[in-house]
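Notes follow the structure.
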Amino acid sequence: MKGLGLYIHIPFCVKKCNYCDFYSLGCMAYEGIERYINSLCLHIDMEGKKYSKRQVDTVFFGGGTPSILSVEQIEKILNAIHHSFHLTKDCEITIEANPGTLTEEKAKSYKSIGINRVSIGLQSASDNDLKMLGRIHTFEDFKESYRLLSSAGIDNISVDVMYALPNQKTEDFIETVDRVCEFSPEHISAYCLKIEENTLFYKIRDTLSLPDEDEQYKMYITLCDRLKKMGYEQYEISNFAKPGKKSTHNMKYWLSRDYLGFGPAAHSCIDGGRYSYSESIEEYEKALEGGNEPKKIAEADTPLTKDEKIDEYVMLRLRLSDGVNVKEFEERFGISFDSRYKKNAMYEKNGYICKKNGAYAFTPKGFFVSNYILSDILENI
Ligand code: SF4
């Protein structure tokens, strides 16, 4: 049985960024955070009893802004995890950190309490962009955070950047990429800005001057080329890693491996089922304080049909550069990939999909329009 992943949601931020629609709350009073951590620990204990035989090989503190917590608070959660689950010796333990919240004490303590991977949310090397995005930090803050983490001995650092920002040109974005590469992080994630409902950007969308599709394409392709030259392997649409430094935790999402989510809005995929918890910290805390499990929301009203399961498998695998191995697909589902997904051949002919090592995978230009291609391929079976 493959290792289990644990995702711990920390839904607090210093302030809401202008583009963000994740479930997170403005910074709460200290007591509020303590109450939430106690609920998390109760939940971890509850789930640990059910899955005590499983080995946990990844723990991911995501948010929100997990680095907002004090070291004692993170340690309390980690202690609860160690108490209730069996962690493998080389368990990947990641924390997401916002440069505006890291201190020397935190960086040093992360290492000593077992955190071995830090994912820094930078987004842009331009202070003007950072201000416009509503981030709480500057590029100098990022540099200082990186230095603190490296000096503390954290040798697995990921940096998040965003492209297609208002008024951004390809050369601006590539400058961010180059400035990040100067630090030589082990991993880089690059996301395209999407204007989501319930964000400040959505309210002012008509006033934002966003790069058109051609410019976005240029940004993405230049990013892929640049990072390849710098020794990063693109292993997923938005993720690039030095050899051996893929995110083991995030791979579980794309390979449909088992993971348990803790906290409001956290998702789980376990023993063939998928569910999440509602986006309400009050409901979450009340349930646990009353000795009950938080209410689960099933991700589908009815279990997936066999056809839906096959399509889901293809959709998730094609997010990865390794793609869909044809032989494995045929052995798993007892059908031929080529005869089921007939439109695939057309995209292969036009250079959006390629076949390598017996697997179909998107090329970089295919990744850029992968949503469109996937819906076309999957609709035409
Ligand atoms: S710090 Fe992250 S989670 Fe918090 S508001 Fe900004 S983007 Fe959203």
Side-chain angles (χ1 to χ4, degrees), residues 7-29 32-33 36-37 40 60-70 73-74 77 94-103 106 110 117-142 144-146 149 157-166 168 173 176 180 185 187-205 208 210 238-239 247 249-250 253 261-267 276-281 284:
Y7 173 80
I8 314 294
H9 192 58
I10 306 298
F12 312 115
C13 291
V14 175
K15 75 179 263 293
K16 198 79 189 162
C17 298
N18 297 338
Y19 58 91
C20 175
D21 74 335
F22 292 149
Y23 179 70
S24 68
L25 312 164
C27 204
M28 296 171 90
I33 295 185
Y36 178 66
I37 289 170
L40 272 179
F60 194 102
F61 289 90
T65 305
S67 55
I68 221 173
L69 298 188
S70 67
Q73 290 169 331
I74 296 278
I77 303 170
T94 305
I95 187 165
E96 286 182 338
N98 188 323
T101 59
L102 264 181
T103 60
K106 283 185 189 176
Y110 285 170
R117 186 170 183 275
V118 178
S119 172
I120 310 179
L122 165 65
Q123 317 314 348
S124 172
S126 148
D127 285 344
N128 285 340
D129 285 350
L130 293 173
K131 207 164 163 197
M132 178 257 308
L133 292 169
R135 303 286 301 176
I136 58 164
H137 58 87
T138 60
F139 186 61
E140 273 307 310
D141 293 331
F142 162 79
E144 178 62 4
S145 297
Y146 204 104
L149 291 166
I157 298 180
S158 178
V159 179
D160 283 2
V161 294
M162 286 174 90
Y163 66 97
L165 305 182
Q168 194 180 44
F173 172 57
T176 287
V180 167
H187 188 281
I188 296 176
S189 301
Y191 300 104
C192 182
L193 172 71
K194 296 267 178 294
I195 306 297
E196 306 283 0
E197 281 182 45
N198 302 319
T199 63
L200 179 78
F201 272 7
Y202 188 79
K203 284 193 195 126
I204 59 162
R205 62 193 181 284
L208 298 175
L210 296 167
S238 311
N239 286 284
S247 160
H249 184 83
N250 287 346
Y253 300 149
F262 296 85
H267 290 252
S276 61
Y277 298 113
S278 80
E279 294 193 352
S280 163
I281 193 167
Y284 183 79

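Whatever order the structure lists ligands and atoms in, that order sets their numbers, starting from 1.
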For [atom], what's the nearest protein heavy-atom neighbour? Residue, atom name and distance, please.
atom                    : answer
atom 5 (S) of ligand 1  : C17 N, 3.2 Å
atom 7 (S) of ligand 1  : Y19 OH, 3.4 Å
atom 4 (Fe) of ligand 1 : C13 SG, 2.3 Å
atom 3 (S) of ligand 1  : G64 N, 3.2 Å
atom 8 (Fe) of ligand 1 : C20 SG, 2.3 Å

Exercise for review: Evaluate the ring planes of F60 and Y7, with Trp represented by its six-membered ring, and classify them as parallel (under 30°), tilted (30 to 60°) or perpendicular (over 60°).
Suggested key: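 Because their plane-to-plane angle is under 30°, the rings of F60 and Y7 count as parallel.
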Practice item. Determine the interplanar angle of the Y253 and H249 rings, folded into 0 to 90°, and report it as parallel if under 30°, tilted if 30 to 60°, perpendicular if over 60°. Key: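 If you compare the ring of Y253 with that of H249, the planes turn out perpendicular.
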Practice item. Say whether R135 and ligand 1 are in contact under the criterion: heavy-atom distance to a ligand atom below 4.0 Å. Key: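 Heavy atoms of R135 do come under 4.0 Å of ligand 1.
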Check your understanding: Is there a heavy atom of G121 sitting under 4.0 angstrom from any atom of ligand 1?
Key ->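 The answer is no: ligand 1 sits nowhere under 4.0 Å from a heavy atom of G121.
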Exercise for review: With heavy atoms of N98 as the reference, note each atom of ligand 1 found under 4.0 Å away.
Suggested key: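 Heavy-atom distances to N98 below 4.0 Å select 1 (S).
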Review point. With atoms numbered from 1 as shown, which atoms in ligand 1 lie under 4.0 angstrom from a non-hydrogen atom of T65?
Key: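 Every atom of ligand 1 under 4.0 Å from some heavy atom of T65: 1 (S), 4 (Fe).
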**Study point:** Proximity to ligand 1 by part of V14, non-hydrogen separation under 4.0 Å
**Key:**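 It is neither part, as no heavy atom is under 4.0 Å.
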Check your understanding: Do E279 and P11 touch side chain to side chain, with heavy atoms closer than 4.5 Å?
Key ->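 No. Closest side-chain heavy atoms not under 4.5 Å.
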Review point. Are any side-chain N or O atoms of R135 and backbone N or O atoms of G121, one a donor and one an acceptor, separated by less than 3.5 Å?
Key: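 Yes.
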Practice item. Please report the closest heavy-atom contact between K16 and S24, naming both atoms and the distance. Key: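 Heavy-atom minimum between the residues: NZ-OG, 2.7 Å.
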Practice item. Measure across L149 and I157 and return the closest heavy-atom pair with its distance rounded to 0.1 Å. Key: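 It is CB-CD1, 3.9 Å.
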Check your understanding: Taking Y163 as the fixed residue, which of C192, S238, S124 is the one that meets the side-chain contact (heavy atoms from CB on, under 4.5 Å) rule?
Key ->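 Per the side-chain contact (heavy atoms from CB on, under 4.5 Å) rule, the option paired with Y163 is C192, out of C192, S238, S124.
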